[in-house]
Protein chains: 2
Amino acid sequence: MSNAAPGTPAPPPSPWDRRRRPRAQAAPARLPLSRERVVEAAFTVLDDQGLDGLSMRRVAAELGVTVSALYAHVSSKDDLLELMYTRLFDGFELPEPDPKRWREQLRDFAHAGRRRLLSHRDMARISMAHVPFTAELLPHVEGLLAIFRAAGLPDHIAAEAGDLISTYIDGFVLEEGMWQDRAAREDGEEASLARPDWHEMADRMRDYFASLPAEDFPNLRALSGLMVSGSSDTRFDTGLEIILRGLASYLPDTAPGDDAR
Amino acid sequence: MSNAAPGTPAPPPSPWDRRRRPRAQAAPARLPLSRERVVEAAFTVLDDQGLDGLSMRRVAAELGVTVSALYAHVSSKDDLLELMYTRLFDGFELPEPDPKRWREQLRDFAHAGRRRLLSHRDMARISMAHVPFTAELLPHVEGLLAIFRAAGLPDHIAAEAGDLISTYIDGFVLEEGMWQDRAAREDGEEASLARPDWHEMADRMRDYFASLPAEDFPNLRALSGLMVSGSSDTRFDTGLEIILRGLASYLPDTAPGDDAR
DNA sequence: ACCTGAACACCGTTCAAGT
DNA sequence: ACCTGAACACCGTTCAAGT
């Protein structure tokens, strides 16, 4: 379907497809393959085609090389995906715990995490598929635990909180992506060289809820505006705040004026 | 690999493989295909082989039928997966909202949801891949919203809370499954006809954490016992309670003695 | 009406062979 | 040392043909 004749560029199918780089002249110096270059090419394919379109053969094509050549540098497709996952969080640093600012530090963490996940298409799906205890990611877990414990949370809460927040971030971004995909799919390939158009979709969704029978879905109808409109940034913050308040409730001093937001 | 000669049954590879029913005599009355029977067979294959092993061809084989025959009853593999997803929650009812018992009602909801997800292998992965606004699932969303609003939560919180809890449930069960898979994979196919052995894995995990350098991972080491041991039931409840307390913090009356648990 | 057989356009992975 | 070519054992989906 996307296998048009060479030299027939298709319109960009996704917001990640920032000007499809020309296939042929992509490898100018014929520099040798490497783990790093394979991962790089995989990200390019991911952004172009999405996770379902990410195949070893396409990565090889992106590099102007045979499929089997890849297996000298990555041991399997799963290995490649794990490489991408850990590379996504390269240089992701957690701050020294500051007990007075633990909420703010967690908000920063969540925002930075979401930003990274949003930086490549379907990245949340890849992230969800990996338990975060690979060696490279352990410092992040450690950093989160440090913040929780410095804040004064009981150990059994601290032990659970990292997973809770990380799952929230992954899950939220995953859903964001699903909405975009669904919008893109419904538009067909027709006139939609416009990116998924993040606003028109919210309207369609609201219309959908509004069309439901009032006697069966009174609450869904009443909240349709809130559930779908509002920037997803503020929706993300709302959910995050619920979690942070829940954590705060386990603090010895239930600081009264500390109402957040 | 699992294509042994007919009549050479392999040892059960998963806890779901409760006594692999014999292939040949499976279709006694030669009753005609139907949407329902296709979904049924798909669940069998899922439990045997996991989501990665769930192919249209295997579903067809399970039914003693050609692949192409399936397409008269389901329009695609995605269609089949969505059918499985909605069927999983068949008969899932939400109670009439009782403002005094909203926490308990949500705990029941979460437990019932987790139980359903655990009833078939990799079901959380399938659930995660579906945004819960398919027509069949809308009553659940409505029922959740009803509970939140009856409890007195502000609308913008109620609108977010359903997603938050559902994502938590999916994410938690997803991770449970990943630990089991990892344990099963590390055991190789060797002597492990014993099911993943949910306890030995916790030990291995704790050993892993304990082996980390103490100066770099003091908190991870200190909490290793809590992060991995303890039944996953109580870990599930802990995370859930954090969310419920967060929600409760938005109630007008911050009921003082209402400390839950 | 319901299913089969064969084909098409893909997959991930392996491995002997080339340079 | 690094890559190619060909093969193997799979995929999802379509469609003419059989009964």
Side-chain angles (χ1 to χ4, degrees), chain A residues 1-6 8 10 13 26-27 29-42 45-46 48-84 122 125-126 129 185 189, chain B residues 1-6 8 10 13 26-27 29-42 45-46 48-84 122 125-126 129 185 189:
Chain A
M1 183 173 282
S2 65
N3 281 345
T8 316
R30 211 66 187 79
L31 72 172
L33 240 44
S34 67
R35 248 173 127 69
E36 197 43 49
R37 286 194 66 221
V38 172
V39 173
E40 200 78 40
V45 174
L46 181 69
D48 281 3
Q49 316 280 344
L51 182 56
D52 294 330
L54 175 60
S55 70
M56 297 299 276
R57 292 174 134 93
R58 276 208 253 245
V59 173
E62 180 67 32
L63 290 162
V65 124
T66 282
V67 214
S68 42
L70 301 180
Y71 287 85
H73 301 96
V74 298
S75 64
S76 68
K77 187 181 179 182
D78 276 349
D79 182 34
L80 176 55
L81 288 172
E82 191 166 327
L83 250 25
M84 297 171 78
D122 282 346
R125 282 173 65 190
I126 296 178
R185 215 178 316 117
E189 351 277 332
Chain B
M1 184 175 279
S2 66
N3 280 347
T8 318
R30 210 65 188 81
L31 73 173
L33 242 41
S34 67
R35 248 173 126 72
E36 197 42 49
R37 286 194 66 220
V38 172
V39 173
E40 200 78 40
V45 174
L46 181 69
D48 280 3
Q49 316 280 344
L51 182 57
D52 294 330
L54 175 59
S55 71
M56 298 299 276
R57 291 173 134 92
R58 278 208 252 243
V59 173
E62 180 66 32
L63 290 163
V65 124
T66 285
V67 214
S68 41
L70 301 181
Y71 287 85
H73 301 95
V74 299
S75 66
S76 67
K77 187 182 180 181
D78 276 350
D79 183 34
L80 175 55
L81 288 171
E82 190 166 329
L83 249 26
M84 297 171 78
D122 284 345
R125 283 173 66 191
I126 295 178
R185 217 180 312 119
E189 350 279 331

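Below, each value reflects all heavy atoms present in this structure, side chains not excepted, and no hydrogens, waters or symmetry copies. Letters A, B, ... mirror the listed sequences (proteins, then strands); counts begin at 1.
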Side chain to side chain contact (heavy atoms under 4.5 Å, CB included), that's the test. Do A/Leu81 and A/Met84 meet it? Break it down for me. CA-CA 5 Å; A/Leu81 288 172; A/Met84 297 171 78; 4.1 Å; yes
For [X] and [N], what is the distance between atoms [atom1] and [atom2] respectively, to the nearest whole Å?
| X | N | atom1 | atom2 | result |
| --- | --- | --- | --- | --- |
| B/Leu63 | C/dC3 | CG | P | 10 Å |
| B/Asp52 | C/dG12 | CG | P | 13 Å |
| A/Leu54 | C/dC11 | CG | P | 10 Å |
| B/Leu70 | D/dT13 | CG | P | 10 Å |
| B/Leu33 | C/dC2 | CG | P | 10 Å |
| A/Asp78 | C/dC11 | CG | P | 16 Å |
| A/Tyr71 | C/dT14 | OH | P | 7 Å |
| B/Leu81 | D/dG12 | CG | C1' | 12 Å |

Look at all strands and tell whether B/Ala69 reaches a base, only sugar-phosphate, or nothing, counting heavy atoms closer than 4.0 Å.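 If one applies the 4.0 Å heavy-atom cut-off, B/Ala69 turns out to touch a base.
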Think B/His73 has a side-chain N or O under 4.0 angstrom from the OP1 or OP2 of C/dC3?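 The answer is yes; a side-chain N or O of B/His73 sits under 4.0 Å from OP1 or OP2.
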d(A/Leu51 CG, A/Ile126 CD1) to nearest 0.5 Å is 5.0 Å
Does B/Glu62 form a side chain to side chain contact (heavy atoms under 4.5 Å, CB included) with B/Arg58? I'd like the steps, not just the answer. CA-CA 6 Å; B/Glu62 180 66 32; B/Arg58 278 208 252 243; over 6 Å; no
So what's C/dG5 paired with, Watson-Crick or G-U wobble, going by both distances under 3.5 Å? D/dC15
The side chain of [X] is closest to which nucleotide in this list: [options]?
| X | options | answer |
| --- | --- | --- |
| B/Met56 | C/dT14, D/dG12, D/dC3 | D/dG12 |
| B/Ser76 | D/dT13, D/dC11, C/dC11 | D/dT13 |
| A/Pro32 | D/dC3, D/dG5, C/dT4 | D/dC3 |

Using a 3.5 Å distance criterion without hydrogens, assess whether the side chain of B/Thr66 forms a donor-acceptor pair with backbone atoms of B/Ala69. no
Report the residue (A/Ser55 or A/Ser68) whose heavy-atom-nearest nucleotide on DNA chain C is the more 5′ of the two. A/Ser55
Assess whether side chain to side chain contact (heavy atoms under 4.5 Å, CB included) is satisfied between A/Arg125 and A/Asp52, documenting all intermediate values. CA-CA 10 Å; A/Arg125 282 173 65 190; A/Asp52 294 330; 3.0 Å; yes
Between C/dC15 and D/dC3, how many Å separate the two C1' atoms, rounded to a whole number?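 Pairwise C1' distance, C/dC15 against D/dC3, rounds to 13 Å.
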